[in-house]
There are 2 protein chains.
Amino acid sequence: MNSEFIIAVHSLVLLAHRPDGMASSEEIAANVCTHPARIRKVLGCLRKAGFVSTREGSGGGYRICSEPSEVTLADVYRAMAAGSLMPSWCSGNPEMDCMVGSNMQDVMNSVFCGAERQLENYFAGITIGQMLTRIKERQMA
Amino acid sequence: MNSEFIIAVHSLVLLAHRPDGMASSEEIAANVCTHPARIRKVLGCLRKAGFVSTREGSGGGYRICSEPSEVTLADVYRAMAAGSLMPSWCSGNPEMDCMVGSNMQDVMNSVFCGAERQLENYFAGITIGQMLTRIKERQMA
DNA sequence: GATTACTGTAATAATATCAATTACAGTTGA
DNA sequence: TCAACTGTAATTGATATTATTACAGTAATC
């Protein structure tokens, strides 16, 4: 799993929490605990996916332009980390003679595709708004 | 996700496919496409988890000592890769002032715990025996 | 129009993780 | 006693990840 997914979710939750829905890369970076350049990269993806709008220049920054209650973690996952469940390392080799060794990659692939669907299904049940609610609840406790 | 999980599953499927259920680390390594020492490490875990037995010395090696139809990928996952879904990199910081930044780690953690349960649930529906069947089917096609 | 405060993007450096390899002690069968 | 194994740790090499730097482009404001 990609840590950019975490950064994306965190950033969206932070923006959703802001009254005006806005923040600069520097503000977000301080909150997430990473470098502003990394935030700009991740939020560039979120912009392409339509979750935030950006304004360059003075007074600019990022603004959430989707309903926090309608954006799910599955949406963010698809935009940021699709396919990241399966390790890049592969066992076996389609060229080899043995039935097991030559077919394992394909079978493993289908297993992980299924796992990814399962995961997306779970993430589809959690919205950015709910994340913010959970945080507020935790803050109370 | 840990690639040792893949190696463990591949090794178990290979052993299940052998008439006598046995193979040496060298044979397994050749089939998996990795180094024998790595196989010994992974199968050492499977031994501790009770899925294989080992015999040292000449003529020794690994033998599957559980029913392929009863060992699920969830069992293997728990033995080899439990907790590996969540990235090690963390956003936010419990010490900080902001409600969002200070509670994000905990909330993200609970999200990934749920995801992991979901994943295990999916893996629980796939046995080593079924993996072998899938491979045989693919070989036919 | 100059200045200031931003984003976008790429390149580089630092660090961490992962896999391969080597080495060798211990075990067992022949 | 030799040969063929496992168990394990240390080292090296490769790869992936994150931080940092740099700078061009854009927009608001004075």
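All chains are named by letter (A, B, ...) in the order of the sequence lines, taking the proteins before the strands, and each is independently numbered beginning at 1.
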Residues in side chain to side chain donor-acceptor pair (under 3.5 Å) contact with [X], at least two apart in sequence or another chain:
X: Ser110(B); value: Arg134(A)
X: Thr54(B); value: none
X: Lys41(B); value: Glu4(B)
X: Thr72(B); value: Asp75(B)

So, Ser24(B) and Arg55(B): side-chain donor and acceptor under 3.5 Å apart, yes or no?
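No, Arg55(B) and Ser24(B) have no side-chain donor paired with an acceptor closer than 3.5 Å.
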
State whether a side-chain donor-acceptor pair under 3.5 Å links Arg63(A) with Ser53(A).
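No.
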
Give the angle between the helix axes at the two ends of the helix from dG1(C)-dC30(D) to dA30(C)-dT1(D), taking five base pairs at each end and rounding to 10°.
10°

Give one of base, sugar-phosphate or nothing for Gly44(B), where a contact means two heavy atoms less than 4.0 Å apart.
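The residue Gly44(B) makes no contact with any strand.
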
Which residues satisfy the side chain to side chain contact (heavy atoms under 4.5 Å, CB included) test with Gln139(A), sequence neighbours excluded?
Met99(B), Ser102(B), Asn103(B)

Got a sec: does the CG of Asp20(A) have more than 12 other heavy atoms crowding it under 6.0 Å?
yes

Walking along DNA chain C from 5' to 3', note the first and the last nucleotide with an atom under 4.0 Å from a heavy atom of chain B, and give both.
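Nucleotide range in contact with chain B: dA19(C) to dG29(C).
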
How would you list all residue pairs meeting ring-ring contact (aromatic ring centres under 6.0 Å, His included) that involve residues 115-141 of chain B, not counting sequence neighbours?
Phe5(B)-Phe123(B), Tyr77(B)-Phe123(B)

Quick one: side chains of residues 7-19 of chain B, donor-acceptor pairs under 3.5 Å with protein atoms, not counting sequence neighbours, listed by atom name and distance.
residue	atom	partner	partner atom	Å
His10(B)	ND1	Ser91(A)	OG	2.6
His10(B)	NE2	Asn31(B)	OD1	2.8
Ser11(B)	OG	Ile7(B)	O	2.7
Arg18(B)	NH1	Met22(B)	O	3.2

Quick one: salt bridge (Lys or Arg N to Asp or Glu O under 4.0 Å) partners of Glu116(B), sequence neighbours excluded?
none

Are Phe112(A) and Met131(B) co-members of a hydrophobic cluster defined by side-chain heavy atoms under 4.5 Å apart?
yes

Show the distances under 3.5 angstrom between N or O atoms of the protein and N or O atoms of nucleotides 16-21 of chain D.
residue	atom	partner	partner atom	Å
dT18(D)	OP1	Ser3(A)	OG	2.8
dT18(D)	OP2	Ser3(A)	OG	2.9
dT18(D)	OP2	Arg38(A)	NH2	2.7
dT18(D)	O5'	Arg38(A)	NH2	3.4
dA19(D)	OP2	Thr34(A)	OG1	2.4
dA19(D)	OP2	Arg38(A)	NH1	3.4

Do Val32(A) and Arg38(A) make a side-chain contact, defined as non-hydrogen atoms from C-beta onward lying under 4.5 Å apart?
no

Protein-nucleotides 2-4 of chain D N/O pairs closer than 3.5 Å?
residue	atom	partner	partner atom	Å
dA4(D)	N3	Ser58(B)	N	3.1

Short side-chain N/O contact to dT6(D) OP1/OP2 from Thr54(B), under 4.0 Å:
no

